[in-house]
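All remarks here apply to the structure that follows.
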Amino acid sequence: DATKNTLVLQKGTISKVYGAEVKTKDGSATENTVKIQGGRVGTYHGGVIYGGVLTAAGATGKAAKNTVTIESGSSIGRLHVYGGALTENDSTGSAEENAVDLSVDVDNNVYGGYVAGTGHAKKNIVTLRGDGGADRIFGGYARLGDASENIINITGGRRLSVIYGGFTDNPSVGKTGGNTVNLGDGTNPLAAGTTLGRIYGGNSTMADGNDDNTLNVNTNAAASNIYNFPKVNFNLNGSLNKANPMLALNGGEMTKFDWGKFTVNGAQPATDEDITLLKNNTGIDFGTTYTDTRYMGTAATKKHEYVVYTDTGTAAGVKELLYGTYQFKDAVKTFSSHNSRNPDIWAGRSIVGNSTVNNTLTITGGNHRHAYGGWTVGSVTTETDKDDSRGNTVTLTGGTLTGNLYGGFTANAAGKATGNTVNLQGGEVKGILYGGHLANAAATGSAAGNTITITGGKMTDIYGGYTANAAAGKTTGNTVN
(Lines give C-alpha, C1' and ligand atoms only; values in the text may rest on other atoms or scores of the structure.)
Protein backbone atom coordinates (compact mmCIF):
# COMPACT_ATOMS: atom_id res chain seq x y z
CA ASP A 1 0.00 0.00 0.00
CA ALA A 2 0.93 3.66 -0.37
CA THR A 3 -0.62 5.93 2.22
CA LYS A 4 -0.40 9.46 3.62
CA ASN A 5 2.25 10.75 1.24
CA THR A 6 2.36 14.46 0.41
CA LEU A 7 3.80 16.18 -2.66
CA VAL A 8 3.95 19.97 -2.89
CA LEU A 9 5.09 21.72 -6.08
CA GLN A 10 6.00 25.39 -5.75
CA LYS A 11 8.34 25.90 -8.71
CA GLY A 12 9.94 24.08 -11.61
CA THR A 13 8.42 22.17 -14.52
CA ILE A 14 7.19 18.60 -14.57
CA SER A 15 4.87 16.63 -16.86
CA LYS A 16 3.60 13.93 -14.48
CA VAL A 17 2.77 14.18 -10.78
CA TYR A 18 1.89 11.29 -8.47
CA GLY A 19 0.86 11.56 -4.85
CA ALA A 20 1.27 7.79 -4.86
CA GLU A 21 1.47 5.07 -7.50
CA VAL A 22 0.82 1.44 -6.56
CA LYS A 23 2.02 -1.22 -9.02
CA THR A 24 1.09 -4.33 -7.04
CA LYS A 25 -2.15 -6.11 -7.83
CA ASP A 26 -3.61 -6.14 -4.33
CA GLY A 27 -2.24 -2.80 -3.10
CA SER A 28 -4.18 0.37 -2.33
CA ALA A 29 -3.38 4.10 -2.51
CA THR A 30 -5.04 6.00 0.33
CA GLU A 31 -4.90 9.43 1.93
CA ASN A 32 -2.21 10.82 -0.34
CA THR A 33 -2.00 14.53 -1.11
CA VAL A 34 -0.82 16.61 -4.05
CA LYS A 35 -0.64 20.40 -3.82
CA ILE A 36 0.28 22.48 -6.84
CA GLN A 37 1.08 25.94 -5.51
CA GLY A 38 3.36 27.18 -8.30
CA GLY A 39 5.65 26.03 -11.08
CA ARG A 40 4.30 24.32 -14.17
CA VAL A 41 2.73 20.92 -14.72
CA GLY A 42 2.21 19.50 -18.20
CA THR A 43 3.03 20.77 -21.67
CA TYR A 44 1.09 21.67 -24.76
CA HIS A 45 1.16 17.98 -25.65
CA GLY A 46 -0.20 16.85 -22.31
CA GLY A 47 0.46 15.90 -18.71
CA VAL A 48 -1.17 14.20 -15.74
CA ILE A 49 -1.69 14.56 -12.00
CA TYR A 50 -2.77 11.68 -9.76
CA GLY A 51 -3.55 12.00 -6.07
CA GLY A 52 -3.31 8.22 -5.85
CA VAL A 53 -3.28 5.67 -8.66
CA LEU A 54 -3.28 1.90 -9.08
CA THR A 55 -1.55 0.89 -12.31
CA ALA A 56 -1.20 -2.89 -11.92
CA ALA A 57 -3.03 -5.25 -14.25
CA GLY A 58 -6.02 -6.75 -12.48
CA ALA A 59 -5.71 -4.34 -9.53
CA THR A 60 -8.10 -5.25 -6.71
CA GLY A 61 -7.32 -2.51 -4.21
CA LYS A 62 -8.73 0.95 -3.64
CA ALA A 63 -7.72 4.45 -4.61
CA ALA A 64 -9.37 6.20 -1.70
CA LYS A 65 -9.30 9.52 0.16
CA ASN A 66 -6.58 10.99 -2.04
CA THR A 67 -6.55 14.73 -2.67
CA VAL A 68 -5.30 16.99 -5.47
CA THR A 69 -5.33 20.78 -5.01
CA ILE A 70 -4.27 23.10 -7.83
CA GLU A 71 -4.11 26.66 -6.61
CA SER A 72 -4.56 29.90 -8.50
CA GLY A 73 -1.31 31.13 -10.02
CA SER A 74 -0.08 27.69 -11.04
CA SER A 75 0.91 27.21 -14.67
CA ILE A 76 -0.81 24.26 -16.28
CA GLY A 77 -0.44 22.69 -19.71
CA ARG A 78 -2.95 20.29 -21.30
CA LEU A 79 -3.52 18.18 -18.25
CA HIS A 80 -5.66 15.29 -17.02
CA VAL A 81 -6.28 15.45 -13.28
CA TYR A 82 -7.35 12.47 -11.14
CA GLY A 83 -8.09 12.50 -7.44
CA GLY A 84 -7.90 8.71 -7.37
CA ALA A 85 -7.67 6.29 -10.27
CA LEU A 86 -7.37 2.68 -11.43
CA THR A 87 -5.96 2.77 -14.93
CA GLU A 88 -6.21 -0.83 -16.20
CA ASN A 89 -9.25 -2.26 -17.96
CA ASP A 90 -9.04 -5.55 -16.07
CA SER A 91 -8.98 -3.92 -12.63
CA THR A 92 -11.76 -4.76 -10.17
CA GLY A 93 -11.02 -2.28 -7.38
CA SER A 94 -12.73 1.01 -6.68
CA ALA A 95 -12.06 4.76 -6.48
CA GLU A 96 -13.80 6.22 -3.45
CA GLU A 97 -13.81 9.48 -1.46
CA ASN A 98 -11.12 11.17 -3.51
CA ALA A 99 -11.11 14.91 -4.08
CA VAL A 100 -9.90 17.46 -6.61
CA ASP A 101 -9.89 21.19 -5.84
CA LEU A 102 -9.21 23.25 -8.95
CA SER A 103 -8.60 26.99 -9.36
CA VAL A 104 -6.96 27.04 -12.83
CA ASP A 105 -7.90 25.86 -16.31
CA VAL A 106 -6.31 22.47 -17.06
CA ASP A 107 -7.40 22.45 -20.71
CA ASN A 108 -8.40 18.78 -20.48
CA ASN A 109 -10.45 16.49 -18.20
CA VAL A 110 -10.82 16.33 -14.41
CA TYR A 111 -11.90 13.20 -12.50
CA GLY A 112 -12.66 13.00 -8.80
CA GLY A 113 -12.51 9.22 -9.08
CA TYR A 114 -11.69 7.15 -12.18
CA VAL A 115 -12.02 3.39 -12.72
CA ALA A 116 -11.04 1.81 -16.04
CA GLY A 117 -12.17 -1.68 -15.01
CA THR A 118 -15.31 -3.17 -13.51
CA GLY A 119 -15.18 -1.42 -10.13
CA HIS A 120 -17.11 1.57 -8.91
CA ALA A 121 -16.34 5.28 -8.59
CA LYS A 122 -18.21 6.51 -5.52
CA LYS A 123 -18.31 9.44 -3.10
CA ASN A 124 -15.66 11.46 -4.89
CA ILE A 125 -15.65 15.26 -4.85
CA VAL A 126 -14.57 17.85 -7.42
CA THR A 127 -14.57 21.54 -6.51
CA LEU A 128 -14.22 24.31 -9.09
CA ARG A 129 -13.23 27.79 -7.99
CA GLY A 130 -12.29 31.14 -9.51
CA ASP A 131 -10.53 30.55 -12.82
CA GLY A 132 -10.87 26.77 -12.70
CA GLY A 133 -11.77 25.19 -16.00
CA ALA A 134 -11.69 21.95 -17.97
CA ASP A 135 -13.06 20.28 -21.07
CA ARG A 136 -15.04 17.81 -18.93
CA ILE A 137 -15.56 17.45 -15.21
CA PHE A 138 -16.44 14.02 -13.76
CA GLY A 139 -17.27 13.55 -10.10
CA GLY A 140 -16.93 9.83 -10.69
CA TYR A 141 -16.07 7.91 -13.88
CA ALA A 142 -16.53 4.13 -14.12
CA ARG A 143 -15.94 2.36 -17.42
CA LEU A 144 -18.05 -0.70 -16.59
CA GLY A 145 -19.24 -0.17 -13.01
CA ASP A 146 -21.34 2.38 -11.14
CA ALA A 147 -20.46 6.06 -10.67
CA SER A 148 -22.63 7.08 -7.76
CA GLU A 149 -22.83 9.41 -4.76
CA ASN A 150 -20.25 11.80 -6.15
CA ILE A 151 -20.30 15.56 -5.56
CA ILE A 152 -19.33 18.49 -7.75
CA ASN A 153 -19.09 21.92 -6.13
CA ILE A 154 -18.97 24.93 -8.42
CA THR A 155 -18.20 28.39 -7.06
CA GLY A 156 -16.41 29.59 -10.20
CA GLY A 157 -15.11 28.36 -13.52
CA ARG A 158 -14.05 30.02 -16.73
CA ARG A 159 -14.62 27.15 -19.14
CA LEU A 160 -16.64 24.13 -18.13
CA SER A 161 -17.92 22.51 -21.31
CA VAL A 162 -19.51 19.38 -19.83
CA ILE A 163 -20.09 18.39 -16.21
CA TYR A 164 -21.07 14.93 -14.99
CA GLY A 165 -21.84 14.02 -11.40
CA GLY A 166 -21.32 10.42 -12.45
CA PHE A 167 -20.47 8.80 -15.77
CA THR A 168 -20.27 5.22 -16.98
CA ASP A 169 -19.12 3.86 -20.35
CA ASN A 170 -21.71 1.12 -19.92
CA PRO A 171 -24.93 3.10 -19.30
CA SER A 172 -27.30 0.20 -19.95
CA VAL A 173 -25.86 -1.67 -16.94
CA GLY A 174 -23.95 0.87 -14.84
CA LYS A 175 -25.80 3.18 -12.46
CA THR A 176 -25.02 6.87 -12.05
CA GLY A 177 -27.42 7.80 -9.25
CA GLY A 178 -27.12 9.68 -6.00
CA ASN A 179 -24.78 12.29 -7.43
CA THR A 180 -24.97 15.94 -6.41
CA VAL A 181 -24.00 19.11 -8.25
CA ASN A 182 -23.91 22.32 -6.20
CA LEU A 183 -24.06 25.63 -8.04
CA GLY A 184 -22.72 28.16 -5.54
CA ASP A 185 -21.84 27.71 -1.89
CA GLY A 186 -24.99 29.28 -0.45
CA THR A 187 -23.17 32.37 0.77
CA ASN A 188 -21.44 34.02 -2.18
CA PRO A 189 -22.36 34.59 -5.83
CA LEU A 190 -20.44 32.64 -8.46
CA ALA A 191 -17.12 34.17 -9.44
CA ALA A 192 -17.48 36.80 -12.16
CA GLY A 193 -17.22 35.30 -15.62
CA THR A 194 -18.21 31.77 -14.59
CA THR A 195 -19.28 29.86 -17.71
CA LEU A 196 -21.01 26.48 -17.49
CA GLY A 197 -21.89 24.09 -20.30
CA ARG A 198 -24.11 21.00 -20.13
CA ILE A 199 -24.64 19.64 -16.62
CA TYR A 200 -25.56 15.97 -16.10
CA GLY A 201 -26.44 14.25 -12.87
CA GLY A 202 -25.46 11.02 -14.59
CA ASN A 203 -25.70 9.25 -17.94
CA SER A 204 -27.18 5.85 -17.09
CA THR A 205 -30.00 4.63 -19.32
CA MET A 206 -31.33 2.16 -16.75
CA ALA A 207 -34.83 2.85 -15.44
CA ASP A 208 -33.48 3.64 -11.98
CA GLY A 209 -29.97 4.46 -13.07
CA ASN A 210 -30.15 8.17 -12.24
CA ASP A 211 -32.28 8.00 -9.11
CA ASP A 212 -31.55 10.59 -6.44
CA ASN A 213 -29.30 12.77 -8.58
CA THR A 214 -29.64 16.25 -7.13
CA LEU A 215 -28.94 19.73 -8.44
CA ASN A 216 -28.68 22.43 -5.79
CA VAL A 217 -29.05 25.93 -7.20
CA ASN A 218 -27.62 28.12 -4.45
CA THR A 219 -27.13 31.37 -6.38
CA ASN A 220 -27.54 32.85 -9.87
CA ALA A 221 -26.00 30.63 -12.53
CA ALA A 222 -26.12 30.17 -16.29
CA ALA A 223 -25.50 26.94 -18.20
CA SER A 224 -26.30 25.32 -21.53
CA ASN A 225 -28.78 22.83 -20.04
CA ILE A 226 -29.35 20.28 -17.28
CA TYR A 227 -30.00 16.54 -17.62
CA ASN A 228 -30.90 13.56 -15.43
CA PHE A 229 -31.61 15.40 -12.19
CA PRO A 230 -34.75 13.92 -10.61
CA LYS A 231 -34.31 16.43 -7.78
CA VAL A 232 -33.65 20.14 -8.15
CA ASN A 233 -33.47 22.41 -5.10
CA PHE A 234 -33.66 26.17 -5.44
CA ASN A 235 -32.11 27.56 -2.26
CA LEU A 236 -32.73 31.28 -1.79
CA ASN A 237 -30.16 33.18 0.23
CA GLY A 238 -28.34 36.51 0.43
CA SER A 239 -26.12 35.78 -2.57
CA LEU A 240 -29.07 35.86 -4.97
CA ASN A 241 -29.58 38.76 -7.37
CA LYS A 242 -33.37 38.65 -7.66
CA ALA A 243 -33.34 40.72 -10.85
CA ASN A 244 -31.85 37.72 -12.69
CA PRO A 245 -32.96 34.08 -12.99
CA MET A 246 -31.52 31.69 -10.44
CA LEU A 247 -30.74 29.28 -13.27
CA ALA A 248 -30.69 30.49 -16.87
CA LEU A 249 -30.33 27.80 -19.54
CA ASN A 250 -29.15 29.11 -22.88
CA GLY A 251 -28.01 26.16 -24.99
CA GLY A 252 -30.89 26.34 -27.47
CA GLU A 253 -32.51 23.07 -26.34
CA MET A 254 -35.67 22.48 -24.31
CA THR A 255 -35.24 21.47 -20.68
CA LYS A 256 -37.05 18.38 -19.37
CA PHE A 257 -38.20 19.14 -15.84
CA ASP A 258 -40.30 17.21 -13.32
CA TRP A 259 -42.96 19.46 -11.77
CA GLY A 260 -43.29 17.20 -8.76
CA LYS A 261 -39.61 16.83 -7.86
CA PHE A 262 -38.21 20.25 -7.10
CA THR A 263 -38.15 22.26 -3.90
CA VAL A 264 -37.85 25.93 -3.03
CA ASN A 265 -36.12 26.75 0.23
CA GLY A 266 -35.16 29.89 2.12
CA ALA A 267 -36.78 33.30 2.53
CA GLN A 268 -39.99 34.03 0.65
CA PRO A 269 -40.21 36.79 -1.96
CA ALA A 270 -41.55 40.20 -0.96
CA THR A 271 -45.21 40.96 -1.63
CA ASP A 272 -45.95 41.02 -5.37
CA GLU A 273 -42.34 40.07 -6.09
CA ASP A 274 -41.62 37.32 -8.60
CA ILE A 275 -38.32 35.45 -8.45
CA THR A 276 -37.44 33.56 -11.63
CA LEU A 277 -36.22 30.16 -10.50
CA LEU A 278 -35.61 28.70 -13.95
CA LYS A 279 -35.55 30.26 -17.41
CA ASN A 280 -35.06 28.72 -20.83
CA ASN A 281 -36.19 30.76 -23.81
CA THR A 282 -36.30 27.59 -25.93
CA GLY A 283 -38.82 26.07 -23.54
CA ILE A 284 -39.37 23.95 -20.43
CA ASP A 285 -41.04 20.55 -20.88
CA PHE A 286 -42.84 19.09 -17.85
CA GLY A 287 -44.04 16.05 -19.78
CA THR A 288 -47.01 14.59 -17.90
CA THR A 289 -45.82 15.74 -14.46
CA TYR A 290 -47.46 19.18 -14.38
CA THR A 291 -50.58 19.51 -12.26
CA ASP A 292 -51.33 23.11 -11.27
CA THR A 293 -49.81 26.18 -9.65
CA ARG A 294 -47.93 24.92 -6.61
CA TYR A 295 -49.28 26.32 -3.36
CA MET A 296 -46.37 26.82 -0.95
CA GLY A 297 -48.50 27.92 1.99
CA THR A 298 -50.01 30.97 3.62
CA ALA A 299 -48.30 33.31 6.07
CA ALA A 300 -49.29 33.13 9.73
CA THR A 301 -51.18 36.42 9.29
CA LYS A 302 -53.46 34.69 6.74
CA LYS A 303 -52.91 37.64 4.40
CA HIS A 304 -50.11 36.45 2.11
CA GLU A 305 -49.69 33.35 -0.04
CA TYR A 306 -46.52 31.78 -1.46
CA VAL A 307 -46.77 30.15 -4.87
CA VAL A 308 -44.68 28.60 -7.63
CA TYR A 309 -46.10 28.88 -11.11
CA THR A 310 -45.20 29.08 -14.80
CA ASP A 311 -45.11 32.20 -16.93
CA THR A 312 -48.09 30.89 -18.93
CA GLY A 313 -50.06 29.60 -15.94
CA THR A 314 -50.17 26.15 -17.57
CA ALA A 315 -47.76 23.48 -18.81
CA ALA A 316 -47.86 24.79 -22.39
CA GLY A 317 -45.39 27.21 -23.91
CA VAL A 318 -43.45 27.60 -20.66
CA LYS A 319 -40.19 29.52 -20.62
CA GLU A 320 -40.02 30.52 -16.94
CA LEU A 321 -40.64 28.94 -13.57
CA LEU A 322 -41.53 31.63 -11.02
CA TYR A 323 -41.80 31.95 -7.24
CA GLY A 324 -44.00 34.73 -5.91
CA THR A 325 -45.76 36.19 -2.90
CA TYR A 326 -49.22 37.73 -3.15
CA GLN A 327 -51.20 39.63 -0.52
CA PHE A 328 -54.86 38.76 -0.76
CA LYS A 329 -56.23 40.50 2.33
CA ASP A 330 -55.98 44.07 3.72
CA ALA A 331 -53.62 45.29 1.00
CA VAL A 332 -53.43 49.06 0.45
CA LYS A 333 -51.79 50.29 -2.76
CA THR A 334 -51.52 53.53 -4.71
CA PHE A 335 -50.37 53.80 -8.33
CA SER A 336 -49.39 57.21 -9.71
CA SER A 337 -47.47 56.01 -12.76
CA HIS A 338 -47.08 53.04 -15.10
CA ASN A 339 -46.29 49.71 -13.43
CA SER A 340 -43.16 48.56 -15.27
CA ARG A 341 -43.40 45.04 -13.87
CA ASN A 342 -46.92 44.29 -15.09
CA PRO A 343 -49.46 45.98 -17.37
CA ASP A 344 -52.20 45.14 -14.84
CA ILE A 345 -52.45 46.60 -11.35
CA TRP A 346 -54.18 45.32 -8.22
CA ALA A 347 -54.45 45.74 -4.49
CA GLY A 348 -55.22 42.17 -3.37
CA ARG A 349 -54.55 39.12 -5.49
CA SER A 350 -54.61 35.35 -5.12
CA ILE A 351 -53.60 32.89 -7.83
CA VAL A 352 -54.39 29.79 -5.75
CA GLY A 353 -57.99 30.65 -4.87
CA ASN A 354 -57.77 32.45 -1.52
CA SER A 355 -60.57 34.99 -1.12
CA THR A 356 -59.45 38.57 -1.79
CA VAL A 357 -60.91 40.62 1.05
CA ASN A 358 -60.82 44.24 2.23
CA ASN A 359 -58.19 45.49 -0.20
CA THR A 360 -57.87 49.15 -1.27
CA LEU A 361 -56.51 50.37 -4.61
CA THR A 362 -56.04 54.06 -5.45
CA ILE A 363 -55.05 55.18 -8.95
CA THR A 364 -53.87 58.77 -9.33
CA GLY A 365 -52.04 58.58 -12.67
CA GLY A 366 -50.25 56.46 -15.25
CA ASN A 367 -51.38 54.22 -18.08
CA HIS A 368 -52.46 50.69 -17.12
CA ARG A 369 -54.39 47.82 -18.63
CA HIS A 370 -56.81 46.28 -16.11
CA ALA A 371 -57.20 47.33 -12.46
CA TYR A 372 -58.49 45.13 -9.63
CA GLY A 373 -59.41 45.90 -6.07
CA GLY A 374 -59.53 42.15 -5.43
CA TRP A 375 -58.51 39.49 -7.95
CA THR A 376 -59.11 35.78 -7.22
CA VAL A 377 -58.16 32.90 -9.52
CA GLY A 378 -56.92 29.34 -8.99
CA SER A 379 -58.17 26.48 -6.85
CA VAL A 380 -55.32 24.80 -4.97
CA THR A 381 -55.44 26.69 -1.67
CA THR A 382 -56.06 24.69 1.48
CA GLU A 383 -57.63 27.64 3.32
CA THR A 384 -61.35 27.57 4.13
CA ASP A 385 -61.96 31.17 3.03
CA LYS A 386 -61.60 30.75 -0.69
CA ASP A 387 -63.01 31.60 -4.13
CA ASP A 388 -64.53 35.00 -3.24
CA SER A 389 -63.66 38.65 -3.82
CA ARG A 390 -65.45 40.89 -1.35
CA GLY A 391 -65.25 44.18 0.49
CA ASN A 392 -62.63 45.67 -1.83
CA THR A 393 -62.39 49.34 -2.87
CA VAL A 394 -60.98 51.01 -5.99
CA THR A 395 -60.71 54.79 -6.38
CA LEU A 396 -59.66 56.31 -9.72
CA THR A 397 -58.73 60.01 -9.65
CA GLY A 398 -56.36 60.18 -12.61
CA GLY A 399 -54.61 58.14 -15.28
CA THR A 400 -55.94 55.84 -17.96
CA LEU A 401 -57.06 52.22 -18.01
CA THR A 402 -57.01 50.75 -21.51
CA GLY A 403 -58.91 47.74 -20.21
CA ASN A 404 -61.44 47.19 -17.43
CA LEU A 405 -61.77 48.27 -13.81
CA TYR A 406 -62.97 45.68 -11.28
CA GLY A 407 -63.93 46.34 -7.67
CA GLY A 408 -63.91 42.58 -7.03
CA PHE A 409 -63.15 39.80 -9.51
CA THR A 410 -63.26 36.02 -9.19
CA ALA A 411 -62.71 33.41 -11.88
CA ASN A 412 -63.87 30.54 -9.68
CA ALA A 413 -67.22 28.86 -10.27
CA ALA A 414 -68.09 28.77 -6.58
CA GLY A 415 -66.94 32.32 -5.92
CA LYS A 416 -68.88 35.45 -4.97
CA ALA A 417 -68.04 39.10 -5.73
CA THR A 418 -69.91 41.05 -3.06
CA GLY A 419 -69.73 44.29 -1.14
CA ASN A 420 -67.11 45.88 -3.36
CA THR A 421 -66.88 49.65 -3.97
CA VAL A 422 -65.68 51.63 -6.98
CA ASN A 423 -65.24 55.42 -6.90
CA LEU A 424 -64.68 57.12 -10.26
CA GLN A 425 -63.54 60.68 -9.57
CA GLY A 426 -61.27 61.34 -12.56
CA GLY A 427 -59.17 59.66 -15.22
CA GLU A 428 -60.56 57.37 -17.88
CA VAL A 429 -61.68 53.75 -18.15
CA LYS A 430 -61.67 52.77 -21.81
CA GLY A 431 -63.01 49.31 -21.08
CA ILE A 432 -65.88 48.38 -18.74
CA LEU A 433 -66.34 49.34 -15.11
CA TYR A 434 -67.52 46.52 -12.80
CA GLY A 435 -68.41 46.66 -9.13
CA GLY A 436 -68.33 42.86 -8.81
CA HIS A 437 -67.48 40.41 -11.56
CA LEU A 438 -67.99 36.62 -11.80
CA ALA A 439 -65.87 35.50 -14.76
CA ASN A 440 -66.57 31.76 -14.78
CA ALA A 441 -69.14 30.54 -17.29
CA ALA A 442 -70.27 28.00 -14.69
CA ALA A 443 -70.51 30.55 -11.87
CA THR A 444 -73.19 29.79 -9.30
CA GLY A 445 -72.43 32.55 -6.80
CA SER A 446 -73.60 36.13 -6.61
CA ALA A 447 -72.23 39.51 -7.66
CA ALA A 448 -74.36 41.44 -5.20
CA GLY A 449 -74.27 44.43 -2.90
CA ASN A 450 -71.59 46.26 -4.87
CA THR A 451 -71.52 50.06 -5.15
CA ILE A 452 -70.24 52.34 -7.92
CA THR A 453 -70.09 56.12 -7.34
CA ILE A 454 -69.24 58.46 -10.23
CA THR A 455 -68.29 62.06 -9.56
CA GLY A 456 -65.94 62.61 -12.50
CA GLY A 457 -63.81 60.96 -15.12
CA LYS A 458 -64.71 59.07 -18.29
CA MET A 459 -66.11 55.61 -18.82
CA THR A 460 -68.14 53.51 -21.26
CA ASP A 461 -70.28 50.65 -19.90
CA ILE A 462 -70.96 50.11 -16.19
CA TYR A 463 -72.11 47.02 -14.29
CA GLY A 464 -72.80 47.13 -10.59
CA GLY A 465 -72.70 43.32 -10.66
CA TYR A 466 -71.92 40.95 -13.52
CA THR A 467 -71.92 37.18 -13.97
CA ALA A 468 -70.78 35.18 -16.99
CA ASN A 469 -73.51 32.66 -16.13
CA ALA A 470 -76.62 34.83 -16.18
CA ALA A 471 -78.89 31.79 -15.92
CA ALA A 472 -77.58 30.83 -12.48
CA GLY A 473 -75.59 33.70 -10.99
CA LYS A 474 -77.23 36.50 -9.02
CA THR A 475 -76.56 40.22 -9.51
CA THR A 476 -78.92 41.78 -6.99
CA GLY A 477 -78.65 44.72 -4.61
CA ASN A 478 -75.99 46.62 -6.56
CA THR A 479 -75.96 50.44 -6.56
CA VAL A 480 -74.70 52.94 -9.13
CA ASN A 481 -74.60 56.58 -7.99
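The basis for the numbers below is simple: all heavy atoms, side chains too, and nothing from hydrogens, waters or symmetry mates.
Under the 4.5 Å side-chain criterion, counting only non-hydrogen atoms from C-beta, Thr127 is not in contact with Val100. Looking at Thr6 and Asn32, their side chains never come closer than 4.5 Å, going by heavy atoms from C-beta outward. The side-chain heavy atoms of Leu190 and Asn220, taken from C-beta on, include no pair separated by under 4.5 Å. A heavy-atom distance below 4.5 Å is not found between the side chains of Trp375 and Phe328. For the pair Trp259 and Thr310, the minimum side-chain heavy-atom distance is below 4.5 Å. Residues Asn66 and Val53 form no side-chain contact, since every pair of their non-hydrogen atoms from C-beta on lies 4.5 Å or further apart. Counting heavy atoms from C-beta on, the side chains of Leu196 and Leu183 come closer than 4.5 Å. Under the 4.5 Å side-chain criterion, counting only non-hydrogen atoms from C-beta, Ile351 is in contact with Tyr326.
Side chain to side chain, Ser204 and Asn210 fail the donor-acceptor criterion of an N or O pair below 3.5 Å. Ser239 and Thr219 share a side-chain donor-acceptor pair at under 3.5 Å. Judged by distance alone, the side chains of Glu96 and Ser94 do bring a donor and an acceptor atom under 3.5 Å apart. There is a side-chain donor-acceptor pair under 3.5 Å between Asn150 and Asn124. Residues Ser350 and Glu305 bring a donor and an acceptor atom of their side chains to less than 3.5 Å of each other. A side-chain N or O of Ser389 and one of Thr356 form a donor-acceptor pair less than 3.5 Å apart. In summary, the side chains of Tyr141 and Asn109 do not present any donor paired with an acceptor at a separation below 3.5 Å, with no hydrogens or angles considered.
Here Asn218 pairs with Asn182, Asn216, Asn235, Asn237 under the side-chain contact (heavy atoms from CB on, under 4.5 Å) rule; sequence neighbours left out. Under the side chain to side chain donor-acceptor pair (under 3.5 Å) criterion, Thr30 pairs with Thr3, sequence neighbours left out. For Lys35, the side chain to side chain donor-acceptor pair (under 3.5 Å) test picks out no residue, with sequence neighbours left out. In this structure, the salt bridge (charged side-chain N to carboxylate O under 4.0 Å, His left out) partners of Asp385, at least two apart in sequence or on a different chain, are Arg390. With sequence neighbours left out, the salt bridge (charged side-chain N to carboxylate O under 4.0 Å, His left out) criterion links Lys256 to Asp285. Partners of Ala442 by side-chain contact (heavy atoms from CB on, under 4.5 Å), not counting sequence neighbours, listed by chain and number: Ala413, Asn440. Every side chain to side chain donor-acceptor pair (under 3.5 Å) that Asn359 has, sequence neighbours left out, goes to Asn392.
Annotation: salt bridge (Lys or Arg N to Asp or Glu O under 4.0 Å) contacts involving residues 214-240, sequence neighbours excluded, comprise Asp212-Lys231. Screening residues 135-149 for salt bridge (Lys or Arg N to Asp or Glu O under 4.0 Å) gives Asp135-Arg159 as the qualifying pairs, with residues at least two apart or on separate chains. Listed by first and then second residue, the salt bridge (Lys or Arg N to Asp or Glu O under 4.0 Å) pairs that reach into residues 120-132 are Asp101-Arg129, Asp131-Arg158, sequence neighbours excluded.
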- Task: Let me see the working for Glu273 and Lys242 under side-chain contact (heavy atoms from CB on, under 4.5 Å), right down to the final yes or no.
- Result: CA-CA 9 Å; Glu273 178 181 54; Lys242 295 180 181 180; 3.3 Å; yes
- Message: If you apply the rule side chain to side chain donor-acceptor pair (under 3.5 Å), what do you find for Thr155 with Asp185, and how did you get there?
- Response: CA-CA 6 Å; Thr155 62; Asp185 60 10; 5.9 Å; no
- Task: Dump the intermediate steps for side-chain contact (heavy atoms from CB on, under 4.5 Å) on Val68 and Tyr50, then the final yes or no.
- Result: CA-CA 7 Å; Val68 175; Tyr50 294 101; over 6 Å; no
- Message: Under the criterion ring pair (Phe, Tyr, Trp, His ring centres under 6.0 Å), I'd like the reasoning laid out for Trp346 against Tyr372: C-alpha separation, chi angles, the key distance, then a yes or no.
- Response: CA-CA 5 Å; Trp346 60 88; Tyr372 304 80; 7.6 Å; no
- Yes or no on side-chain contact (heavy atoms from CB on, under 4.5 Å) for Ile70 and Val34, after CA distance, side-chain angles and deciding distance? CA-CA 8 Å; Ile70 306 177; Val34 173; over 6 Å; no
- Begin with the C-alpha distance, continue with both residues' side-chain angles, and end with the deciding distance and a verdict on side-chain contact (heavy atoms from CB on, under 4.5 Å) for Leu277 and Val264. CA-CA 9 Å; Leu277 302 175; Val264 183; 3.6 Å; yes
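Listed for the Asp258 side chain is a donor-acceptor partner under 3.5 Å among the backbone atoms of Gly260. The closest donor-acceptor contact from the side chain of Asp169 to the backbone of Ala142 lies at 3.5 Å or more, if one exists at all. Listed for the Asn179 side chain is a donor-acceptor partner under 3.5 Å among the backbone atoms of Thr176. Under the 3.5 Å distance criterion, the side-chain polar atoms of Thr298 are left unmatched by any main-chain donor or acceptor of Lys302. A donor-acceptor contact shorter than 3.5 Å is absent between the side chain of Ser91 and the backbone of Gly93. Without hydrogens or angle criteria, Thr293 side chain to Val352 main chain gives no donor-acceptor distance under 3.5 Å.
Taken from CG in Asn354 to NZ in Lys303, the straight-line distance is 14.0 Å, to the nearest 0.5 Å. From Ile275, atom CD1 reaches atom CD of Gln268 across 9.5 Å, with rounding to the nearest 0.5 Å. If you take NE2 on His338 and NE2 on His368, they are separated by 8.5 Å, rounding to the nearest 0.5 Å. With values rounded to the nearest 0.5 angstrom, Ser355 atom OG is found 6.5 Å from Asp387 atom CG. Summarising the geometry, atom CG belonging to Asn228 is positioned 7.0 Å from atom CG belonging to Asn213; distances are rounded to the nearest 0.5 Å. Phe229 contributes atom CZ, which lies 8.5 Å from atom OG1 of Thr214 (distance to the nearest 0.5 angstrom).
Tested against Leu215 for a side-chain contact (heavy atoms from CB on, under 4.5 Å), the candidates Ile152, Leu247, Asn233 yield a single pass: Leu247.
Relative ring orientation between His80 and Tyr82 is described as tilted, the plane-to-plane angle lying within the 30° to 60° band. A perpendicular orientation is assigned to the rings of Phe262 and Phe234, their planes being inclined by more than 60° (bins at 30° and 60°).
Side-chain rings of Phe138 and Tyr114 stay apart, their centers remaining 6.0 Å or farther from each other.
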Pairs of donor and acceptor atoms involving the side chains of residues 318-325, under 3.5 Å and at least two apart or interchain, shall be tabulated with distances.
from: Glu320; atom 1: OE1; to: Thr276; atom 2: OG1; distance (Å): 3.4
from: Thr325; atom 1: OG1; to: Pro269; atom 2: O; distance (Å): 2.8

Tabulate below the donor-acceptor pairs under 3.5 Å that side-chain atoms of residues 16-28 make, not counting sequence neighbours, or state none.
from: Glu21; atom 1: OE2; to: Thr55; atom 2: OG1; distance (Å): 3.1
from: Ser28; atom 1: OG; to: Lys62; atom 2: N; distance (Å): 2.9

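Among all heavy-atom pairs drawn from Tyr111 and Val126, the shortest one is C-CG2, 4.2 Å. Taking both residues in full, the closest heavy atoms of Gln327 and Thr271 are given as CB-CG2, 3.7 Å, listed atom of the first, atom of the second, then distance.
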